[in-house]
Amino acid sequence: YCIHEYIFSYGIIESPLEKGKKCIESAIKIGSNISESRYIYGLILFHQKEWSLSIEQFKLARSICSYNTIIEFGVGFHLCKMNQWDEGLDQVNKTMLLSNTYPSIYHLVPFLDFYRTGNYEQALSEAKKITITGLVYAPLARCVSYAQLGKLEEADKEFKEVLKRYPEFMNTGRKHLSRFLGNEILAKTIWEGILKVRNG
């Protein structure tokens with residue numbers, strides 16, 4: 001809840017990362033050998049920009065249990081966000097191979113990799129595989145990919161879907177991207193695609 005409060009700014013929890021850190025440290029004192037606790041501790045540290053400590057907790061979580069696909073994917077995703085793309089993508093790809101029924105949001109990671117490297121056709125292909133409903137990331141990924149490919153009509157259609165799901169996007173979306181991705185360079189590249197749509 002504290003991490004979601006930090007990313008989405010609901011205004012419910014005050015000082016969410018500090019509170020989250022205290023909560024998870026208390027949980028670890030109760031049971032230090034629980035993979036989920038170590039993973040969440042790693043997430044808190046990631047958002048506090050303590051990347052090296054975050055990686056330590058992620059490694060510990062995986063050493064306790066290497067069969068939790070949510071943790072396996074999450075660690076891979078966050079390694080990518082910490083610019084360790086080779087290791088992170090390898091882990092995400094291995095997680096996706098474990099089952100044919102993985103959540104479509106997993107395609108967000110290869111999308112980000114293709115997008116950040118300028119391979120917009122492949123980025124769009126991955127964005128189209130994100131079929132989860134309700135979340136803003138699927139139309140947002142398609143929107144910026146179309147924009148970078150110069151397909152502004154298609155981009156605008158997807159942008160309208162972004163606004164339908166997230167009406168305050170132009171006011172708070174930039175901050176949200178920075179917090180969700182935890183990587184200012186990555187957030188900036190996505191926002192540049194949005195500006196291409198907005199500026200026509």
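All values derive from a computational prediction rather than experimental measurement. We number each residue from 1, following the sequence as shown.
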Yes or no on ring-ring contact (aromatic ring centres under 6.0 Å, His included) for Phe114 and Tyr120, after CA distance, side-chain angles and deciding distance?
CA-CA 6 Å; Phe114 286 126; Tyr120 301 121; over 10 Å; no
Between Cys65 and Ile71, is a side-chain contact (heavy atoms from CB on, under 4.5 Å) present by the stated rule, with each step listed?
CA-CA 9 Å; Cys65 177; Ile71 291 176; over 6 Å; no
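Sequence neighbours left out, the pairs with a member in residues 134-154 that pass ring-ring contact (aromatic ring centres under 6.0 Å, His included) are Tyr137-His176, Tyr137-Phe180. For residues 187-200, the pairs satisfying side chain to side chain donor-acceptor pair (under 3.5 Å) are Gln148-Lys196, with sequence neighbours left out. Residue pairs meeting the salt bridge (charged side-chain N to carboxylate O under 4.0 Å, His left out) criterion with at least one partner in residues 14-37, sequence neighbours excluded, do not occur; the list is empty. Among residue pairs with one or both ends in residues 14-33, none qualify as ring-ring contact (aromatic ring centres under 6.0 Å, His included); sequence neighbours excluded. Applying the side chain to side chain donor-acceptor pair (under 3.5 Å) rule to pairs touching residues 123-135 yields Ser104-Thr131, His107-Glu126, Glu126-Lys129, sequence neighbours excluded. Residue pairs that meet the salt bridge (charged side-chain N to carboxylate O under 4.0 Å, His left out) test with at least one member in residues 63-88, sequence neighbours left out, are Arg62-Glu72. Each ring-ring contact (aromatic ring centres under 6.0 Å, His included) pair with one or both residues in residues 9-34, not counting sequence neighbours, appears once here: Phe8-Tyr10.
The hydrophobic cluster around Leu152 extends to none of the other residues, as no ILVMFWY side-chain heavy atom falls under 4.5 Å of it.
Remark: Glu161 engages Arg165 in a salt bridge (charged side-chain N to carboxylate O under 4.0 Å, His left out) (not counting sequence neighbours). When the salt bridge (charged side-chain N to carboxylate O under 4.0 Å, His left out) test is applied to Lys151, no partner is found at least two apart in sequence or on another chain. Residues passing the salt bridge (charged side-chain N to carboxylate O under 4.0 Å, His left out) test with Lys94 are Asp90, sequence neighbours excluded. Remark: Arg174 pairs with Glu184 by the salt bridge (charged side-chain N to carboxylate O under 4.0 Å, His left out) rule, at least two apart or across chains.
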